[in-house]
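Take this structure, written in structure tokens, and hold onto it; I'll ask about it next.
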2 protein chains.
Amino acid sequence: MIALYLQPNSFKLESRRDIFQAIADPTRRAIITLIALQAMTPNAIAEHFDTSRQAVSKHLRILSECELISQKQKGREIYYQLELNKMKEIDKWLNQFRKIWETKFNQLDTVLANLKNKKK
Amino acid sequence: MIALYLQPNSFKLESRRDIFQAIADPTRRAIITLIALQAMTPNAIAEHFDTSRQAVSKHLRILSECELISQKQKGREIYYQLELNKMKEIDKWLNQFRKIWETKFNQLDTVLANLKNKKK
DNA sequence: ATATAATGCAATCATTTGGTTTCGCAAAAT
DNA sequence: ATTTTGCGAAACCAAATGATTGCATTATAT
């Protein structure tokens, strides 16, 4: 070991990943959809895309890192499956806005109700 | 049966920006939350962050490009406001998974109900 | 035991991203 | 009329991203 070797050449800080960054990529979103109902192996997944198996493997790693998917080893095959609970976190984030758009909808409701009453 | 919903309806022609790429950046998500309830000017928004006004301006442009926000000129000030309808597209995409996790929840319900019956 | 299949990892590369700095232009204030 | 304010656009730069290629490793098949 060399003590003064501060950082490896290809030092990539891939730790700041979060679900939002993960779903930003269209291929990753497609993968998510693909395995939503049924766990799949990397090879099987890669067959659905126009990129190399290794590229898909990288996407799977990124999705794994933020725990949007999990894996189950079966012999030499690895089945990747979607972690729905993690998907719910996106939903959670959306919730703050859902509150707003539902409120706006209710306000419209009120307006309509008032109009109706005035007609009487 | 749950249909595959790979991409939201609206597509950007000029750039490959989409809502998912837009919300991938934490600063942009913060901006979205910030102006959700009240339209704000770029300067006012920038005061909330540790970056330059110009950087915020860039974020606003990206958010505008994918129509997540809109602007209203008032003299020399520009008020940016959130487009909730566009936010709903994220919700729409999530919907396919919501169906699944609700189904799984129902299945769990059934299991619990069966256990309860067996106890009797 | 050896070959093959399924997979992950590292190096490399072009492109994209997010930031800064500098500038230009209107609207408002002086 | 001149200065200040609010803003976007362009040029530039370091870092991150997504893809490819070339391995290494382990499980299965022959």
Side-chain angles (χ1 to χ4, degrees), chain A residues 2 5-32 34-35 39-81, chain B residues 12-32 34-35 39-81:
Chain A
I2 302 165
Y5 197 60
L6 291 178
Q7 277 187 352
N9 264 350
S10 67
F11 179 73
K12 282 202 174 166
L13 180 59
E14 315 214 21
S15 52
R16 207 151 51 84
R17 296 211 190 282
D18 60 35
I19 26 175
F20 294 100
Q21 195 266 344
I23 64 166
D25 183 83
T27 304
R28 284 197 288 270
R29 284 202 302 283
I31 291 176
I32 287 176
L34 196 58
I35 66 173
M40 288 176 75
T41 66
N43 269 328
I45 295 169
E47 276 172 16
H48 287 76
F49 299 98
D50 203 21
T51 62
S52 66
R53 181 190 57 74
Q54 285 93 334
V56 169
S57 188
K58 261 186 156 187
H59 285 305
L60 291 173
R61 190 161 69 85
I62 289 168
L63 291 169
S64 291
E65 272 173 11
C66 65
E67 290 170 305
L68 269 172
I69 64 176
S70 63
Q71 38 187 302
K72 267 183 200 166
Q73 190 105 24
K74 264 198 177 180
R76 68 180 161 183
E77 291 182 326
I78 300 176
Y79 285 84
Y80 284 90
Q81 68 174 60
Chain B
K12 287 280 94 185
L13 293 172
E14 259 199 340
S15 66
R16 61 189 67 159
R17 292 205 195 289
D18 60 34
I19 28 175
F20 295 99
Q21 194 266 343
I23 64 166
D25 183 83
T27 303
R28 285 198 288 270
R29 283 202 303 282
I31 290 176
I32 286 176
L34 197 57
I35 66 172
M40 288 176 75
T41 66
N43 268 327
I45 295 169
E47 276 173 15
H48 288 76
F49 299 98
D50 204 19
T51 62
S52 67
R53 178 188 59 77
Q54 286 90 337
V56 169
S57 189
K58 263 185 152 188
H59 284 306
L60 291 173
R61 189 160 69 84
I62 289 168
L63 291 170
S64 292
E65 272 173 9
C66 65
E67 293 169 305
L68 268 172
I69 64 176
S70 62
Q71 38 188 302
K72 269 183 199 164
Q73 189 104 24
K74 266 199 176 179
R76 69 180 160 183
E77 290 183 328
I78 300 175
Y79 285 85
Y80 285 89
Q81 68 176 59

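Chain A is the first sequence line, chain B the second, and so forth, proteins listed ahead of strands; every chain is numbered from 1. Atom set for the values below is all heavy atoms of this structure, side chains included, hydrogens, waters and symmetry mates excluded. All values derive from a computational prediction rather than experimental measurement.
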(message) If you compare every side-chain N and O of Asn43(B) against the phosphate oxygens of dT5(D) (OP1, OP2), does one of them come in below 4.0 Å?
(response) no
(message) What's the separation between atom CD1 in Ile19(A) and atom CD in Gln21(A), rounded to the nearest 0.5 Å?
(response) 11.5 Å
(request) Nearest whole angstrom, please: distance from the P of dA27(C) to the NZ of Lys72(B). (result)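 Computing the Lys72(B):NZ to dA27(C):P distance gives 20 Å.
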(message) Using the side-chain contact (heavy atoms from CB on, under 4.5 Å) definition, which of the options Leu68(B), Val56(B), Ile69(B), Ile62(B) pairs with Ile31(B)?
(response) Val56(B)
(message) Rounding to an integer number of Å, can you tell me how far Arg29(A) CZ sits from dG18(D) P?
(response)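 Result: 11 Å.
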(message) Taking 4.0 Å as the cut-off, does a side-chain nitrogen or oxygen of Gln21(A) come that near to OP1 or OP2 on dT17(D)?
(response) yes
(request) Using atom NZ of Lys74(A) as one end and atom C1' of dT26(D) as the other, report the distance to the nearest whole Å. (result) 18 Å
(request) Classify the side chain of Gln71(B) and the base of dG8(D) as holding, or not holding, a donor-acceptor pair under 3.5 Å. (result)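 Counting by modelled atom types and ignoring angles, no donor-acceptor contact under 3.5 Å is found here.
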(message) I want to check one thing: is the phosphate of dG19(C), taken as OP1 and OP2, less than 4.0 Å away from some side-chain N or O of His59(B)?
(response)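 Indeed, a polar side-chain atom of His59(B) lies that close.
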(message) When you measure from the side-chain N and O atoms of Ser52(A) to the phosphate of dA19(D), is any distance below 4.0 Å, counting only OP1 and OP2?
(response)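 The answer is no; no side-chain N or O of Ser52(A) sits under 4.0 Å from OP1 or OP2.
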(request) Kindly compute the distance separating OG1 (Thr27(A)) from CG (Leu34(A)), expressed to the nearest 0.5 Å. (result)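 It comes to 11.5 Å.
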(message) Any base atoms under 4.0 Å from Arg61(B), or only sugar-phosphate, or nothing? Heavy atoms, all strands.
(response) sugar-phosphate
(message) Starting the side chain at C-beta, find the nucleotide from dG19(C), dC23(C), dG18(D) nearest to Gln54(B).
(response)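 The answer is dC23(C).
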(request) Would you state whether a donor and an acceptor, one from the side chain of Lys58(B) and one from the base of dG19(C), lie under 3.5 Å apart? (result) yes
(request) Let me know the distance between CG of Leu60(B) and C1' of dG8(D), rounded to the nearest Å. (result) 11 Å
(request) For residues Asn43(B) and Arg53(B), report the shortest heavy-atom separation together with the two atoms involved. (result) OD1-CD, 2.9 Å
(request) Assign each of Arg53(B) and Tyr79(A) to its nearest nucleotide of DNA chain C by heavy atoms, then name whichever residue's nucleotide is nearer the 5' end. (result) Tyr79(A)
(request) Could you tell me whether Asp25(B) and Lys58(B) make a salt bridge, using a distance below 4.0 angstrom between a side-chain N and a carboxylate O? (result) no
(request) Quickly work out the Tyr80(B) OH to dC7(D) C1' distance and round it to whole Å. (result)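 Taking atom C1' of dC7(D) as the reference, OH of Tyr80(B) is at 8 Å.
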(request) Could you check which of dT7(C), dC7(D), dA9(D) has an atom nearest any side-chain atom of Thr41(A)? (result) dT7(C)
(request) Using atom CG of Asp25(A) as one end and atom P of dT17(C) as the other, report the distance to the nearest whole Å. (result)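 Rounded to the whole Å, the gap is 11 Å.
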(message) Measure CD/Gln73(B) against P/dC25(C) and give the value in whole Å, please.
(response)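 Whole-Å distance recorded here is 17 Å.
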(message) Taking atom types as they are modelled, would you say the side chain of Arg76(B) forms a donor-acceptor pair with the base of dT5(D) within the 3.5 Å cutoff?
(response)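 Checked by distance alone, the answer is yes.
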(request) Indicate whether OP1 or OP2 belonging to dG18(D) is found under 4.0 Å from a side-chain N or O atom of Arg28(A). (result) yes
(request) For Asp50(B) and dG18(C), give me the distance from atom CG to atom P, rounded to whole Å. (result)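 One finds 17 Å between P of dG18(C) and CG of Asp50(B), rounded.
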